[in-house]
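All remarks here apply to the structure that follows.
What you see below is based on every heavy atom in this structure, not just the backbone, and it leaves out hydrogens, waters and symmetry mates. None of these values were measured; they are calculated from a predicted model.
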Amino acid sequence: MRTGEPYTIIGAGPAGLACAIVLGRGGRKVVVREWKDRVGHRFHDDFQGLENWTRDLDVLEELAAVGIAADFDHHPFDRGTVFDPSARSYVVKGRRPLFYLLRRGSGKGTLDSALLAQARAAGVEVRFGDRVKTFADAGILAAGPREAGVIAAGHVFETDMPDGAWLALGHEIAPGGYAYLLVRDGRGTVASCMFTGFRDQARHVKAAEDFFRAHAGLEMRNARAFGGYGSYRLPRSATQGGHPVIGEHAGFQDALAGFGIRHAIRSGVLAAECLLTGADYTARWQSELGPSLKAGIVNRWMFGLGGEVGMRIACRKLAKDDAGELLRRAYDLTAFRRLALPLARRRYRTALEDPSCSHVDCDCVWCRHGDHGSAGTNDKMGETV
């Protein structure tokens, strides 16, 4: 039996839907309010990776432990090819999957549509086309990224290429970030993931695709352009007006690589558990998510300091040992990272708005989408890194 007044969740992304699933299965009335007309509206059936290295527990086991089924299309990748800025290739692999390949968007088999179905099966009411102007009900904010701190732009396509995962480093193809090529069962996604230089996104995308044509045999048919953006920060409390804030709305995303799905789902689960039990949400996320988020901030700072020489060193290290274990250790909040954190936080204290773009007559990914992940509440969290 459903008990009490309904909880309202603003946003139907992975964080919001995961939260709704746990609350619904906990016997609570839940209404999810999404201002777009469908789930996964920011995505384009593109491949993404559900990372499997920030915790010892396999991410699919983590989902199963909280009652979320992996009934979306997914495929484990325990190896891939990484190119350093000199185009030298390295095969990296792990003893367990480094990530699970999945698709995002509203189509059948995507992560988003699967979570929506699970939420509805748990008795959750999901309202689309419902833009929230004010929010005073009991509930959770999960409205997605608030500004563009990182963007990904490229193409989804059909191909005869074999399955594989390729990643390339270098400032020309992906300033501050990396380019990636993911192929599975005749479908592919290629993109430049940029942390700066947004104004020149078209040039970087072309450079990335030319690179993969030359070094990975990229072949595309029926290519469709796509783009998306994300943000990260280290909030003080991840609450706003007394409401828990989860997922990218709170800035819960890896600052180094931009992986955020696992953090989003976990934050949604934590918020739901705290509402069900009366526990302190801020204390829970700071304990369970905080260390890896802080390590990610330091890792991004070190990545910037190391430049292309550091990229080459990192590629060699990843290729020598279990890449998954090396990546896991990179997210341990060691004594060194604790000492470096204040310096890293100072670098990212303000919102990461790229100064390279004037937003006048531009084709920036975030300008083209225009919603900035806003719930329409006009509230400010006042929480920056």
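Hydrophobic clustering (side-chain heavy atoms under 4.5 Å, transitive across Ile, Leu, Val, Met, Phe, Trp, Tyr) keeps Ile173 apart from Leu169. Leu276 and Ile246 fall within the same hydrophobic cluster, where Ile, Leu, Val, Met, Phe, Trp and Tyr residues are linked whenever their side-chain heavy atoms come under 4.5 Å apart, directly or through other members. Using a 4.5 Å cut-off between side-chain heavy atoms of Ile, Leu, Val, Met, Phe, Trp and Tyr, with links allowed through other members, Met220 and Phe226 fall into different hydrophobic clusters. Follow the hydrophobic side-chain contacts under 4.5 Å out from Leu102 and you never reach Leu181; the two are in separate clusters. Follow the hydrophobic side-chain contacts under 4.5 Å out from Phe99 and you never reach Val190; the two are in separate clusters.
Residues Lys36 and Phe128 are not in side-chain contact: their nearest non-hydrogen atoms beyond the backbone lie 4.5 Å or more apart. Between Ile68 and Leu115, the closest side-chain pair of non-hydrogen atoms falls below 4.5 Å. Taking the side chain as every heavy atom from C-beta outward, Gln48 and Phe43 approach each other to under 4.5 Å. Contact of the Leu218 side chain with the Phe211 side chain is not registered, since no non-hydrogen atoms from C-beta on lie closer than 4.5 Å. Contact of the Ser267 side chain with the Leu289 side chain is registered, since non-hydrogen atoms from C-beta on lie closer than 4.5 Å. Residues His204 and Pro175 meet the side-chain proximity criterion, which asks for heavy atoms closer than 4.5 Å. Between Ile140 and His243, every side-chain heavy-atom pair lies at or beyond the 4.5 Å cut-off. A heavy-atom distance below 4.5 Å is found between the side chains of Ser86 and Arg312.
Under the salt bridge (Lys or Arg N to Asp or Glu O under 4.0 Å) criterion, Asp112 pairs with Arg104, sequence neighbours left out. Listed by chain and residue number, Trp53, Leu318 satisfy the side-chain contact (heavy atoms from CB on, under 4.5 Å) test with Leu327 (two or more places apart in sequence, or in another chain). The side-chain contact (heavy atoms from CB on, under 4.5 Å) check on Ala272 picks up Cys19, Val22, Leu23, with sequence neighbours excluded.
When every heavy atom of Asp254 is checked against every heavy atom of Gly296, the shortest pair comes out as OD1-CA, 3.8 Å. Contact detail for Pro235 and Phe252: the closest heavy-atom pair is CG-CE2, 3.8 Å. Across every non-hydrogen atom of Ala20 and Val32, the tightest pair is CB-CG2, 3.8 Å. Of all heavy-atom pairs spanning Asp322 and Gly94, the tightest one is OD1-CA, 3.0 Å.
Thr8 and Arg33 share no side-chain donor-acceptor pair at under 3.5 Å.
A distance of 10.5 Å separates CD in Gln286 from CG in Leu293, rounded to the nearest 0.5 Å.
The ring of Tyr229 has its center no closer than 6.0 angstrom to the ring center of Phe198.
Below 30°, between 30° and 60°, or above 60°: for Tyr180 and Tyr178 the angle between ring planes is between 30° and 60°, a tilted geometry.
Within the 3.5 Å criterion, the main-chain N or O of Asp185 finds a donor-acceptor partner in the side chain of Asp163. The main-chain N or O of Gly105 is found under 3.5 Å from a side-chain atom of Thr110 such that the two form a donor-acceptor pair. In this structure, the side chain of His74 does not engage the main chain of Leu101 through any donor-acceptor pair within 3.5 Å. No donor-acceptor distance shorter than 3.5 angstrom exists from the side chain of Glu125 to the backbone of Val31, with no hydrogens or angles considered. Side-chain atoms of Thr282 come within 3.5 Å of backbone atoms of Ser237 as a donor-acceptor pair (strictly under, hydrogens ignored).
Salt bridge present: Lys206 and Asp210 bring a charged side-chain N and a carboxylate O closer than 4.0 Å. Remark: Glu288 engages Arg266 in a salt bridge, criterion side-chain N to carboxylate O under 4.0 Å. With respect to the salt-bridge test (charged N to carboxylate O, under 4.0 angstrom), the residues Arg127 and Glu34 do not qualify. Checked for salt-bridge contact, Asp332 and Arg328 meet the test: a charged N lies under 4.0 Å from a carboxylate O. Contact check on Arg96 versus Asp78 returns no salt bridge, with no Lys/Arg side-chain nitrogen under 4.0 Å from an Asp/Glu carboxylate oxygen.
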Could you give the side-chain donor-acceptor pairs of residues 149-160 under 3.5 Å, partners two or more places apart or in another chain?
unit_1: His155; atom_1: ND1; unit_2: Glu209; atom_2: OE2; d: 2.6
unit_1: Glu158; atom_1: OE1; unit_2: Asn222; atom_2: ND2; d: 3.0
unit_1: Thr159; atom_1: OG1; unit_2: Met161; atom_2: N; d: 3.1
unit_1: Thr159; atom_1: OG1; unit_2: Glu219; atom_2: O; d: 2.7
unit_1: Asp160; atom_1: OD1; unit_2: Arg221; atom_2: NH1; d: 3.4
unit_1: Asp160; atom_1: OD2; unit_2: Arg221; atom_2: NH1; d: 3.2

Listed pairs under 3.5 Å, donor-acceptor, residues 255-264 side chains, sequence neighbours left out:
unit_1: Arg262; atom_1: NE; unit_2: Glu62; atom_2: OE1; d: 3.0
unit_1: Arg262; atom_1: NH2; unit_2: Leu57; atom_2: O; d: 2.7
unit_1: Arg262; atom_1: NH2; unit_2: Glu62; atom_2: OE1; d: 2.7

Problem set entry | Test salt bridge (charged side-chain N to carboxylate O under 4.0 Å, His left out) applied to Lys29 and Glu5, step by step | CA-CA 7 Å; Lys29 298 177 183 177; Glu5 292 298 316; over 6 Å; no
For this session: For the pair Leu98 and Arg79, evaluate side-chain contact (heavy atoms from CB on, under 4.5 Å) and give the outcome as yes or no after the intermediate values.
Result: CA-CA 7 Å; Leu98 298 172; Arg79 65 189 60 217; 5.6 Å; no
For this session: Could you give me the CA-CA distance, side-chain angles and deciding distance for Asp73 and Tyr100, then say whether side chain to side chain donor-acceptor pair (under 3.5 Å) is met?
Result: CA-CA 10 Å; Asp73 295 342; Tyr100 290 91; over 6 Å; no
For this session: May I have the step-by-step check of side chain to side chain donor-acceptor pair (under 3.5 Å) for Tyr90 and Asp84, ending in yes or no?
Result: CA-CA 8 Å; Tyr90 302 81; Asp84 70 15; 3.2 Å; yes
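Note on residues 164-174: pairs passing side chain to side chain donor-acceptor pair (under 3.5 Å), not counting sequence neighbours, are Glu172-Arg203.
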